[in-house]
Amino acid sequence: MDEVKVIEIKKSVFAENEKDAADLRRELKGKGIYLLNLMSSPGSGKTTTLIRLINLLKDRLRIAVMEADIDSDVDAVKIRQETGVESIQLHTGGMCHLDAEMTRQGLDNLPLEGVDLVVLENVGNLVCPAEFDTGAVRNAMILSVPEGDDKPLKYPLMFSVCDLVVINKTDVLPYFDFDLDKCRENVRMRNPRAKVIPICARTGEGVEDLADWLLAEVRDWKQK
Amino acid sequence: MHELGIVFYIIRDVKEAAREHDVEHVSAVVMNIGEVSMVVPEYLTDCWRWAADKEELLKDCELRVNTIPAVSFCDGCQQEFETVRYGKTCPHCGSPDTWLLRGNEVEIKEIIV
Ligand SMILES: Nc1nc2c(ncn2[C@@H]2O[C@H](COP(=O)(O)OP(=O)(O)OP(=O)(O)O)[C@@H](O)[C@H]2O)c(=O)[nH]1
Ligand SMILES: [Mg+2]
Ligand SMILES: [Zn+2]
């Protein structure tokens, strides 16, 4: 029998990804590209919101989109058709999230000449994507009214990694017991520095506030 | 199911360690998994079996999971308590100003060769 040997490692499995993410962020900074990581549950309105947002901003910023879906390309096609901006599908190979390496591969497949803003629509899921730094400058998430105002309490990690929480589908507020003030309070408990913006992607209400926030963010990133 | 992604990270890190130590086969990998890390040990070991057997280095290599109990600390009364049992509110003094001391780990503790 060979001798048994124990080799101590004591290393977080996320350490390597965090390093990749930091490297990617630094490179994007050098190129003047702002990367936004957009997360939410399936169906909360990421694609609908993005279409509205891009149509408001596309004259002022050069935008590209990466759509992460486990298997289809419907979102990427929709973005291209409804906004005219460059949009590609990232295949996650069955994975429930994207990490910095997959994000980098996606960026390599985009024509980035002159691009100011890249939005990454992450896989619809409130748990897994929160664990993996993609290299984005900011994390944003969408919580839609039918999901309930208690989600910040149930998915604390997701809310604590996001700089922006968009509350979507405000048009259906009358039909749900969703309390906007309570939701703001729940977000604040998890993450005091997160900004909360209520919108209705269906009608476009509030999307201007979102556009203002993003425009300021992108300009700030390019200047600093 | 982010366990599969985590398994790929483990494999990458173990391969790297094996290269550094000039090891040709690893018989076990020992993980420290915190109770509130959102990793389900059963999913992790299932994904592990499937992915590890594809690697010569990790044929029949066992993934052992050490569960690290979650403990929170209260800024109000400076005492510790079990996170899973009591949540965010301190059971000693009722303060909500508490934070996680440990129990969030997803780390490779050691490899056995
Ligand atoms: N009532 C209402 N419906 C909305 C609103 N925004 C989006 N929806 C609807 O919600 C459904 C899902 O919207 P998507 O934009 O596809 O959501 P998504 O988050 O991109 O979904 P996945 O990519 O599948 O995770 C669609 O039927 C939208 O029309 C809104 O503000 N109000
Ligand atoms: Mg979508
Ligand atoms: Zn206390």
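To find a chain, count down the sequence lines: A is the first, B the second, and so on, and within it residues start at 1.
- Among residues 11-38 of chain A, the residues having any heavy atom closer than 4.5 Å to a heavy atom of chain B are, in sequence order, A:K11, A:S12, A:V13, A:F14, A:E16, A:N17.
- Of residues 11-31 of chain B, those residues lying under 4.5 Å from chain A by any heavy-atom pair are B:R12, B:D13, B:A17, B:H21, B:V23, B:M31.
- Side-chain contact between A:K10 and B:E110 is absent, with no heavy atoms from C-beta onward closer than 4.5 Å.
- Interface with chain A: from residues 66-93 of chain B, residues B:K88 qualify, criterion being any non-hydrogen pair under 4.5 Å.
- Across A:L157, A:D99, A:T92, A:I7, the residue that shares the most heavy-atom pairs under 4.5 angstrom with chain B is A:I7.
- Put simply, the side chain of A:E131 reaches to within 4.5 Å of the side chain of B:M38, judged on heavy atoms.
- In this structure, the separation between NZ on A:K5 and CD1 on B:I112 is 12.5 Å, given to the nearest 0.5 Å.
- Residues of residues 101-109 of chain A having a heavy atom under 4.5 Å from any heavy atom of chain B: none.
- Residue B:K59 qualifies as enclosed at atom NZ: its count of foreign heavy atoms under 6.0 Å is above 12.
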